[in-house]
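Please read the structure below before turning to the comments.
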There are 2 protein chains.
Amino acid sequence: MPKKIIPEADTSTEEKIKTAARKVFIQKGFAATRTRDIAEEAGINLALLNYYFRSKEKLFNEIMMEKMQQFFGILLPVVNDPSTKLETKIELMVSNYIDMLSMNPDLPLFVLSEMKGQSGKIKNILPVQKITDKISFMKQLKEKRPDINPIHFLMNILGMTVFPFVAKPAFELIAATNKNQLEAILQERKKLIPIWVKAMLRAK
Amino acid sequence: MPKKIIPEADTSTEEKIKTAARKVFIQKGFAATRTRDIAEEAGINLALLNYYFRSKEKLFNEIMMEKMQQFFGILLPVVNDPSTKLETKIELMVSNYIDMLSMNPDLPLFVLSEMKGQSGKIKNILPVQKITDKISFMKQLKEKRPDINPIHFLMNILGMTVFPFVAKPAFELIAATNKNQLEAILQERKKLIPIWVKAMLRAK
DNA sequence: GTCTATAACCTGATAGAC
DNA sequence: GTCTATCAGGTTATAGAC
């Protein structure tokens with residue numbers, strides 16, 4: 001058996017550093033993260049981080065772009081699909097997001113925090129698919145409610161779906177529920193939000 | 001005319017530092033803020049910051065508690081008032097928040113980011129009014145929809161109202177609108193969200 | 001109370017041995 | 001490729017003069 005040329009993606013040093021960087025950056029944000037934290041988490045030496053990624057910022061940018069694609073990318077295939085009807089799109093958006101955010105609860109706060117004040121820079125790096133009136137989802141909304149800017153409904157769906165994850169520490173603090181109850185409530189919303197959005201679309 | 005004993009609250013050195021600290025902390029967060037930034041913004045010397053507040057962390061805690069009260073405090077008088085009906089509460093919550101957030105757009109992301117992982121610590125410092133079933137607003141929701149946990153509607157209202165501010169950089173990036181159009185859309189939501197919430201409350 | 005100067009520490013990055 | 005040791009620069013906090 002020949003020697004393996006391509007190492008396991010998960011066990012190569014470079015990948016170990018990236019895995020550690022994902023965890024630490026997402027948990028603490030760019031500014032509060034020390035390269036030493038990442039090195040320790042990866043079980044490697046600090047110098048290796050710079051050997052592979054040259055700087056903290058370059059490593060961060062790789063993770064950031066990856067996480068932005070994870071956060072926004074889940075939306076695009078759904079809203080762009082002209083073969084599904086509006087109701088189906090809404091159900092898919094909500095359940096896809098809730099499933100993904102349940103496994104990555106820190107993702108939205110990380111992405112939204114780090115995007116702040118950086119959107120100019122990001123625009124040049126990440127190929128951004130603009131949500132225009134040509135997008136299937138927006139067309140369907142406009143057709144159903146020509147009197148309301150479709151961006152409102154996008155805000156509503158994302159607000160109802162994503163905000164509870166962003167504000168989870170706040171809800172844990174002020175709501176008289178424990179963490180497990182809160183998790184159950186978030187799962188419940190996969191069924192409820194589409195019902196509510198449909199009611200909104202009918203509201204006059 | 002006697003010499004002024006109590007100096008203008010806004011012009012005392014201590015208040016100048018706090019004003020600067022509010023601005024810088026909210027804009028950049030705790031970790032990315034340097035005490036030098038605050039001193040420069042306040043137009044005073046770096047040493048004075050420690051003379052008045054002993055440390056960066058103590059100064060931050062004062063601002064943080066203040067901002068948490070601003071963020072959550074706007075809610076409590078409304079949801080606790082047994083003399084208003086449900087519809088009125090919803091309208092007040094939405095328009096109070098949108099007005100306040102329009103003037104403090106960075107507030108929610110600041111509070112929610114800095115609360116993360118700190119909620120245990122905060123619980124001991126800030127007197128937290130729990131949102132239980134005894135709160136007027138929750139009682140009214142439970143009465144109207146006994147089949148749904150009232151926290152869902154709180155999440156919906158806050159999600160639709162606050163999330164667009166949290167995600168403003170994202171919307172500016174992906175939505176095909178400029179900043180002024182986005183501001184107008186957010187104002188429009190003061191009228192629309194209560195209509196939608198009422199439709200949700202009827203939805204079966 | 002306010003300043004300058006500096007201490008004490010921390011952090012990102014690199015040099016150089018293996 | 002990986003390590004140890006260390007540098008260079010920056011950051012919080014304080015000492016001490018005014």
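Not measured: the values here are computed from a predicted model. Throughout, a chain's letter reflects where its sequence line sits, starting with A, and its residues are numbered from 1.
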What integer distance in Å separates Glu40(B):CD from dG10(D):C1'? 15 Å
Treat primed atoms plus P, OP1 and OP2 as sugar-phosphate and everything else as base, then score nucleotides 13-18 of chain D 5' to 3': B for base contact with protein heavy atoms under 4.0 Å, S for sugar-phosphate contact only, - for none. BBB---
Taking the basic N atoms (NZ, or NE/NH1/NH2) and the acidic carboxylate oxygens, is any pair closer than 4.0 Å for Glu114(A) and Lys67(A)? no
Whole angstrom is fine here: how far is it from OH in Tyr52(B) over to C1' in dC3(C)? 13 Å
How long is the line joining CZ of Arg34(B) and C1' of dC9(C), in whole Å? 17 Å
Between Glu15(B) and Arg22(B), does the salt bridge (Lys or Arg N to Asp or Glu O under 4.0 Å) criterion hold? Intermediate values first, please. CA-CA 10 Å; Glu15(B) 202 51 42; Arg22(B) 265 178 219 113; 3.4 Å; yes
Tell me yes or no: between the side chains of Lys89(A) and Ser136(A), is some donor less than 3.5 Å from an acceptor? yes
Only residue of Lys85(B), Lys190(B), Lys198(B), Lys191(B) satisfying salt bridge (charged side-chain N to carboxylate O under 4.0 Å, His left out) with Glu91(B) is Lys198(B)
Rounding to a whole Å, what distance do you find between Phe30(A):CZ and dT11(C):P? 13 Å
Aromatic rings Phe25(A) and Phe30(A): how do their planes relate, parallel, tilted or perpendicular, breaks at 30° and 60°? parallel
Distance-only donor-acceptor check, side chains Arg189(B) and Asn156(A), under 3.5 Å: yes
